[in-house]
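All remarks here apply to the structure that follows.
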Amino acid sequence: MKEQFDKIVNSKFGRTADKLCNSVWYIIAYGVVCVLSHTLEIPVIGAVLLVLLLVPALLFCKNSFVLMPFLMMCAFVMSESTNPETGYYNTPLRISVLCIVLVIAVAAVVFNILYYKKWKQIYKRAYFTVSLALMYGALIIGGMGSSFFTVSGFTMSLAIAAATILPYALLVNCGEYEGRKTVEYFGWALIVAAMVISIDFFHKFIINDFNLQVWVVKEFLKLGFVGPNTGASVVTMAIPMTFYFVYKYKKGYWLVPLVAVELFTVVASYSRASLVVAAPITVAIAIFLCFKKTEGRRGYLIMFALSALAAIVIAIVLRHWIWNKLVELFSGNVTGSGRTTLWKTGFNAWCKSPIFGIGLWFLRLNDAHWYYSFHCTPLTYLYCGGILALAGYIYHRYRTVRLTFSAKLTVERVFVALCGLTMICNALLDTAMTAATHLIHYAIILVLIECDVKATKSNQTDIKDVIDADNTVEEQNIQTEPEGDIQ
């Protein structure tokens, strides 16, 4: 049986399937399915189609990085009216179809792990294993001894840990990092995910007659898989990766309008946390590339100048409207989290249980809150997991910074790190680092940084060995050369 399947994998059909699954078109196919599923409110059909896309990748691709599009967009098929809390899936037919799809997906994953012998390496300890275990371990036991500790909070902590650790362990140990090729694959997957969100946001604006009142937009920009803030944070993460293609491609300047679309999506979402991150990082990278981009530099400078001019004109023409919206957005009158109130409430409760915290479900115990994050990652870990969880988070953050700069910086690592930085900064005012869909993205970012450092160090070692070998040969030649007669 194995020999027969070996022939299929190594045949022209198998090689073609492998090539297609590693192409941009494969990623775009995921995006198309997600847009149609969400817009037409057919999540069950969308789930079936996503698994049909996943199965060939698991059958014919040894490299686990091919799973990135599925991991990053698998939740994107749900709309607000078809999310689990609505009871949409509580019918025999829908449950049966989802169970069948789940069994097929799990069977394909098991086959992939066994056939390509990944089970031998998937449990290997990697660089971030200890820091992630300490950070999430403290969060999982958070609230112990507190009256706010609940089984629901414990379960959610496990889900948060799994959303990071499982993709990280699979990809870092079983993925075959190919430098630029792998980073480009991740970049396109993230950009397509951002475009799915942008298209769905635009669809929401259309069916709501382009109502631009802040509080109204906050209500209708709910997509089931993300809300306006969480959706904007994913789009913000895509901005550095879009600039990566602008920098690497000779004619990458044609992607500058795509950056404008992403930035416009963030602005349209009225997400304050994303806006204060997206705007400066877009300007900073755009100006940086004016000096660093070499191939296609003239085209980029022209596109950059036109974009800057358009932004200035729009700002002047709409200055009164923009100012009024900014005042409305940052005045605190918008229906939202009330971050300052959250932080004060959490601090007062945390003082009663400073070591283990108050547990992840503290805010959910109050009917006024549907979320469990304090809209600030360090404070969420401190309040929910106590001093132990905050110490684990700080240690993990130290490890990420240390690893990023532990080898000569590459272009790929710089832009992936910027992508991660946007997520971390956004999470200082939002829920990103405690949202499962975002943590999958975060796990992939950790993997890419770690793999790039390993590849860079390996290349440096190889070059050093070659230089040492050449020097040894030269020394031997010098020592064996016959001495001439002294005249």
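The shown structure was predicted, so the numbers you read here are calculated from the model rather than taken from an experiment.
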Go through it in stages, so that I can follow the logic: the residues are Leu223 and Phe201, the test is side-chain contact (heavy atoms from CB on, under 4.5 Å), and I'd like the CA-CA distance, side-chain angles, deciding distance and then a yes or no. CA-CA 8 Å; Leu223 309 181; Phe201 275 12; 3.5 Å; yes
Verdict with reasoning, His38 to Val196, per side-chain contact (heavy atoms from CB on, under 4.5 Å): CA-CA 9 Å; His38 176 268; Val196 170; over 6 Å; no
Evaluate the criterion side-chain contact (heavy atoms from CB on, under 4.5 Å) for residue pair Phe202 and Thr265; output intermediate values, then yes/no. CA-CA 8 Å; Phe202 186 67; Thr265 300; over 6 Å; no
Using side-chain contact (heavy atoms from CB on, under 4.5 Å), reason through Leu58 and Leu67 one step at a time and then give a plain yes or no. CA-CA 8 Å; Leu58 292 171; Leu67 300 177; 3.4 Å; yes
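Distance CG/Leu139 to CG/Leu158: 9.5 Å, rounded to 0.5 Å. In this structure, CD on Gln213 lies 10.0 Å from CZ on Phe220, to the nearest 0.5 angstrom. Here the straight-line distance linking atom CE of Met144 with atom CD1 of Ile355 works out to 13.0 Å at 0.5 Å rounding. One finds the OG1 atom of Thr82 at 9.0 Å from the CZ atom of Arg94 (value rounded to the nearest 0.5 Å). Atoms SG and CG, from Cys384 and Leu390 in turn, are 11.5 Å apart once rounded to the nearest 0.5 Å. Rounded to the nearest 0.5 angstrom, Leu363 CG and Thr345 OG1 are separated by 8.0 Å.
Looking at Arg399 and Met135, their side chains never come closer than 4.5 Å, going by heavy atoms from C-beta outward. At a threshold of 4.5 Å between non-hydrogen side-chain atoms, the residues Trp350 and Phe347 count as touching. With a 4.5 Å cut-off on side-chain heavy atoms, Tyr177 and Val447 do not count as touching. Residues Thr400 and Tyr442 have side chains in contact (heavy-atom distance under 4.5 Å, counting atoms from C-beta outward). Annotation: side chain of Trp361 is not in contact with side chain of Val151 (no heavy-atom distance under 4.5 Å). With a 4.5 Å cut-off on side-chain heavy atoms, Phe243 and Leu418 do not count as touching. In this structure, Phe154 and Phe149 have side chains that are in contact, with non-hydrogen atoms separated by less than 4.5 Å. Inter-residue side-chain proximity for Lys352 and Ile358 is flagged as unmet; no heavy-atom pair is nearer than 4.5 Å.
Between Pro228 and Lys222, the shortest heavy-atom contact is CD-CG, 4.3 Å. Across all non-hydrogen atoms, the minimal contact from Ala189 to Ile27 is CA-CG2, 3.5 Å. Scanning both residues, Thr236 and Val277, for their nearest heavy atoms gives CG2-CG1, 4.1 Å. Closest approach of Gly231 to Ile197, counting heavy atoms only: O-CD1, 3.8 Å.
At most 12 heavy atoms of other shown residues, nucleotides or ligands fall within 6.0 angstrom of atom CZ in Phe291.
Under the 3.5 Å distance criterion, with hydrogens and angles disregarded, a donor-acceptor pair is assigned to the side chains of Asp452 and Thr410. If you check the side chains of Arg364 and Thr150, you find no donor sitting under 3.5 Å from an acceptor. Counted by atom type alone, Thr377 and Tyr393 present zero donor-acceptor pairs between their side chains at under 3.5 Å. Between the side chains of Asn229 and Lys218, at least one donor N or O sits under 3.5 Å from an acceptor N or O. No donor-acceptor contact under 3.5 angstrom links the side chains of Glu41 and Tyr88, judged on distance only.
At distances below 3.5 Å, not a single donor-acceptor pair connects side-chain atoms of Thr230 with backbone N or O atoms of Val226. In terms of modelled atom types and a separation under 3.5 Å, the side chain of Asn83 and the main chain of Glu80 share a donor-acceptor contact. A donor-acceptor pair under 3.5 Å is formed between the side chain of His441 and the backbone N or O of Thr437. At distances below 3.5 Å, not a single donor-acceptor pair connects side-chain atoms of Glu450 with backbone N or O atoms of Val172. A donor-acceptor pair under 3.5 Å is formed between the side chain of Tyr270 and the backbone N or O of Leu212. Asn208 places a side-chain N or O within donor-acceptor distance of the main-chain N or O of Lys204, the cut-off being under 3.5 Å. A distance-only check finds a donor-acceptor pair linking the side chain of Gln121 to the backbone of Asn173 [under 3.5 Å]. Judged by distance alone, with hydrogens and angles left aside, the side-chain atoms of Tyr136 form no donor-acceptor pair with the main-chain N or O of Gly392 at under 3.5 Å. Using modelled atom types, no side-chain atom of Lys408 and backbone atom of Thr456 make a donor-acceptor pair closer than 3.5 Å. No donor-acceptor distance shorter than 3.5 angstrom exists from the side chain of Tyr383 to the backbone of Asn348, with no hydrogens or angles considered.
Note: Tyr26 and Tyr30 meet the aromatic proximity criterion, with ring centroids under 6.0 Å apart.
Screening Cys425, Ser269, Ser233 against Ser274 for a side chain to side chain contact (heavy atoms under 4.5 Å, CB included) leaves a single residue, Ser233. Tested against Cys419 for a side chain to side chain contact (heavy atoms under 4.5 Å, CB included), the candidates Leu190, Val414, Val183 yield a single pass: Leu190. Of the residues Thr242, Ile285, Leu255, Val411, the one that meets the side chain to side chain contact (heavy atoms under 4.5 Å, CB included) test with Tyr247 is Val411.
Under the 30°/60° scheme for interplanar angles, the aromatic rings of Phe362 and Phe374 are found to lie parallel.
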